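Here's the structure, in structure tokens; my notes come after.
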Amino acid sequence: MSRKPNNSRQTRALLAALLDRSQTWRHGYDLAKETGLKSGTLYPLLIRLSEQGLLESRWQEAERPGLPPRHVYRLTASGRALAREQELAAIAAERVGALA
Amino acid sequence: MNVLPGEWRRWAVKLAQHAAWVLPGAQSPWAEAMRRELDYIEDDRAALRWAVGCVLASYKARLAGLPRMRGRVGRGAVLRHAATSGALMLVIGLALLENAGGQTEAPRPVFDETTCDRANVSPDIDPTVSSGTVSVPRDMDHSAPKPDTSCADRSAPIRFPPKYRKP
């Protein structure tokens with residue numbers, strides 16, 4: 001049986017964090033702190049989501065002088081749709097669990 | 001010996017550079033993205049942890065993209081990179097382990113039992129040899145006083161008199 005893509009616990013946590021502030025550009029360290037993911041897990045996920053067209057990225061100038069530009073991320077329209085879909089599925093699963 | 005704060009940062013930068021080396025070509029912006037995050041992490045140890053993750057991430061990304069790159073980069077090259085990285089991580093781990101020694105308290109003996117801790121055994125009973133042969137010199141002084149095991153002061157070491165006292 002093949003595994004459903006982008007359905008791991010880590011991916012769902014990342015998508016939920018990105019959906020939470022979907023219009024805001026987020027940077028890696030911020031996402032790592034929010035989701036509890038280590039950089040070794042976070043970046044492969046970001047790379048994969050980006051390759052699938054679910055995530056867009058750009059370089060953002062630093063707010064403080066002397067610091068380098070930073071790579072920032074946010075969900076694309078299809079990424080937002082997937083994240084919402086997963087959020088609804090999680091809510092439905094929670095309700096089914098409560099009824100059982 | 002304590003680890004200087006700058007040491008953690010220096011290793012973190014080295015690891016991030018290695019991660020960038022692992023991810024060339026189209027994926028190099030990702031390595032650069034990971035490396036630049038280091039400048040925003042104020043805590044040096046957190047920066048080192050981040051950099052270790054960067055190395056892992058770069059290898060994962062490199063291996064994930066391997067089938068597409070098979071024509072240009074062979075599996076042997078990736079394995080060589082992995083071996084280099086492993087050796088580097090080992091050296092860093094050993095260095096940190098060695099340096100961490102100065103930050104911890106002195107090691108305590110694993111078995112810290114005294115005669116006072118033994119259940120149902122009088123502290124006056126001397127340790128006995130259960131097997132083997134013990135050679136005792138003929139001129140051994142048997143009248144020597146026994147050690148004080150009264151447990152009056154448990155923190156003080158038990159003092160043994162000189163056993164083989166010559167007349």
Side-chain angles (χ1 to χ4, degrees), chain A residues 2-11 13-15 17-18 21 24-76 79, chain B residues 8-9 11-69 78 81-82 85-86 88-89 92-93:
Chain A
S2 63
R3 225 177 87 187
K4 203 174 166 187
N6 299 323
N7 202 31
S8 68
R9 186 178 55 82
Q10 291 91 344
T11 311
L14 178 59
L15 287 172
L18 287 162
R21 281 182 273 162
T24 312
W25 289 97
R26 311 286 299 277
H27 50 78
Y29 190 52
D30 172 36
L31 287 168
K33 280 198 289 189
E34 187 173 332
T35 59
L37 296 174
K38 304 272 183 271
S39 55
T41 306
L42 176 70
Y43 277 91
L45 291 179
L46 290 173
I47 293 170
R48 198 179 71 207
L49 292 175
S50 176
E51 284 174 351
Q52 291 172 350
L54 301 170
L55 188 80
E56 55 184 333
S57 59
R58 71 180 176 93
W59 290 101
Q60 189 180 58
E61 285 301 317
E63 289 170 6
R64 282 183 290 163
L67 288 171
R70 217 169 179 184
H71 215 213
V72 288
Y73 318 95
R74 73 178 183 189
L75 290 172
T76 60
Chain B
W8 301 99
R9 178 69 61 173
W11 282 111
V13 171
K14 276 184 191 292
L15 284 173
Q17 285 168 349
H18 179 73
W21 176 68
V22 171
L23 270 186
Q27 288 182 319
S28 58
W30 288 100
E32 188 62 20
M34 291 188 268
R35 197 185 64 75
R36 289 190 185 183
E37 285 298 310
L38 275 183
D39 294 334
Y40 291 87
I41 303 173
E42 288 175 4
D43 181 44
D44 288 345
R45 290 191 189 197
L48 183 61
R49 283 195 295 271
W50 180 267
V52 170
C54 292
V55 174
L56 293 176
S58 61
Y59 275 102
K60 280 183 194 173
R62 180 75 181 259
L63 290 170
L66 195 58
R68 279 170 287 161
M69 297 190 290
V78 174
H81 287 180
S85 176
L88 186 65
M89 302 270 257
I92 291 168

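Lettering follows sequence order; numbering is per chain, from 1. Since the model is a prediction, treat every value here as computed from it, not as a measurement. Hydrogens, waters and symmetry mates play no part in the numbers below; they use all other heavy atoms, side chains included.
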- Query: What part of B:Ala19 lies closer than 4.5 angstrom to a heavy atom of chain A: side chain, backbone, both or neither?
  - Reply: neither
- Residue pair B:Tyr40 / A:Ala62: nearest heavy atoms and the distance that separates them: OH-CB, 3.2 Å
- Item | B:Lys60 vs A:Thr41, side chain to side chain contact (heavy atoms under 4.5 Å, CB included): CA-CA, chis, key distance, verdict | CA-CA 9 Å; B:Lys60 280 183 194 173; A:Thr41 306; 4.2 Å; yes
- Query: Do you know which two heavy atoms are closest between B:Arg36 and A:Pro68, and how far apart they sit?
  - Reply: CD-CB, 3.9 Å
- Cut-off 4.5 Å, heavy atoms of chain B, and the answer for A:Leu45 is neither
- Query: Are the side chains of B:Glu32 and A:His71 in touch, meaning some heavy atoms are under 4.5 Å apart?
  - Reply: no
- Tell me, side chain or backbone of A:Ser50 under 4.5 Å from chain B's heavy atoms, or both, or neither? side chain
- Heavy-atom pair with the smallest gap, counting every atom of B:Cys54 and A:Ser39: N-OG, 3.4 Å
- Query: Taking all atoms of both residues into account, what is the closest heavy-atom pair of B:Trp50 and A:Ala32, and its distance?
  - Reply: CZ3-CB, 3.6 Å
- Note on the structure: Closest non-hydrogen atoms of B:Ala61 and A:Ile47, given as atom of the first, atom of the second and distance, are CB-CD1, 3.8 Å
- Note on the structure: Tightest non-hydrogen contact, residues A:Tyr73 and B:Ala33, listed as OH-CB, 3.8 Å
